[in-house]
Chemist: 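Here it is, the structure, as structure tokens.
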Amino acid sequence: MMRASKLAVLLATAVFAVAPVAALELKAADVHPEGYPNVVAMQSLGKKLDAATKGRLTLKMFPGAVLGDEKSMIEQTQAGGIDILRTSLGPLGPVVPEVNVFNMPFVFRSEAHMRAVVDGPIGEEILTKITNSSANLVALGWMDGGTRNLYTKKAVRKPADLAGQKVRMMGNPLFVDTMNAMGGSGISMGFGELYSAMQTGVVDGAENNVPSYVTGNHFTVAKVYSLTGHLIIPEIFVFSKAKWAKLSAEDQTLIKKLAREAQMEQRQLWDKRVTMDTARMKASGVTIVADVDKDAFFKATQPVRDKYGSAYADLIKRIQAVK
Ligand code: GTR
């Protein structure tokens, strides 16, 4: 006769073998609305995940900041309320200070330089730093955030043009310091509050890439877009560490693979979107100021790079060495 313990093991194995693996719907979030390149790329990751796991893992997107501003969404992801978040690296700086190297003014020479850095070993290294930090996040990949330029009601060609202008910056002291060094007065607030803050004159303007300037309707209020190019900030998508730990190693590998694909897909969508939105802002009468003295802004912001970059001098040298 079979021993009772052996029977129990067999029964348990049988139950395990037939029990369906619980389906899991991952909650994804973005401050941008439906149709924005980052949102589309994340939804595409979700569709591939659904297909690869035959519906066991799915993704539900909460776009348009319905779950709050970026700072709050980062906190929700740390706490496990959001599973995947696409955020600018900007507001992640106060949580994981090492990422501030990428947030410094003029640290990248161009968007092509930024892409080469995030696609290579340094990009991987920063993702690992985030994952290994105490932030409770697993960093999965990068997205493109283009080049941030200044927009107010006046043309900005040199630091003196910013005198007395209140400019909204993302929530990270580094950015307030950057705007102050550039000659303006930096005010930190959430992206969602910005449109009405500009309308009511709480701020005179802000700075962002073309798709955000257009999607946020900011181009209807601050109609002069000056190509200061002071920040080229990559965006990132991160996973809640608590939820990540519940996934099998195979699922984790699959998600990492799809994350890399999303990184490349978003880039194609991004380039198209920049072209489309540039045409849109021109058609609606925005003045684009191209003859900006970028060298003057570079020099003016040196104290910011000294303050935030001195601890990472080697890393900065390696970034600069990337072709
Ligand atoms: C955008 C970025 C958002 C958000 C926003 C901002 O370029 O895609 O994630 O950070 O800027 O200025 O708050």
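The figures here come from the full heavy-atom set of this structure, side chains too, leaving out hydrogens, waters and symmetry mates. Counting starts at 1 for both ligands and their atoms, in listed order.
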Chemist: Residue by residue, ordered by chain and number, which ones reach under 4.0 Å of ligand 1 with a heavy atom?
Modeler: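 For ligand 1, the residues that come within the 4.0 Å heavy-atom cutoff are Val31, His32, Glu70, Arg86, Ser88, Arg148, Arg168, Met170, Phe191, Asn208, Asn209, Ser212, Glu235.
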Chemist: Return yes when atom NZ of Lys241 has more than 12 non-hydrogen atoms of other residues, nucleotides or ligands closer than 6.0 Å, and no otherwise.
Modeler: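 More than 12 within 6.0 Å, yes.
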Chemist: Looking at residues at least two apart in the chain, or sitting in another chain, which of them share a salt bridge (charged side-chain N to carboxylate O under 4.0 Å, His left out) with Asp291?
Modeler: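 Asp291 satisfies salt bridge (charged side-chain N to carboxylate O under 4.0 Å, His left out) with Arg157 only.
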Chemist: Are Lys158 and Phe297 in a cation-pi contact, defined as NZ or CZ under 6.0 Å from the six-membered ring centre and within 45° of the axis?
Modeler: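 Pair Lys158/Phe297 does not count as cation-pi.
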Chemist: Are there over 12 heavy-atom neighbours, none belonging to Lys154, within less than 6.0 Å of that residue's NZ?
Modeler: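 No, NZ of Lys154 has 12 or fewer neighbouring heavy atoms, counting only those of other groups under 6.0 Å.
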Chemist: List the residues meeting salt bridge (charged side-chain N to carboxylate O under 4.0 Å, His left out) with Glu34, not counting sequence neighbours, and say none if there are none.
Modeler: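 Listed in chain order: nothing, the list is empty.
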Chemist: Among residues at least two apart in sequence or on other chains, which ones pass side chain to side chain donor-acceptor pair (under 3.5 Å) with Glu125?
Modeler: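 Applying side chain to side chain donor-acceptor pair (under 3.5 Å) to Glu125 gives Arg318.
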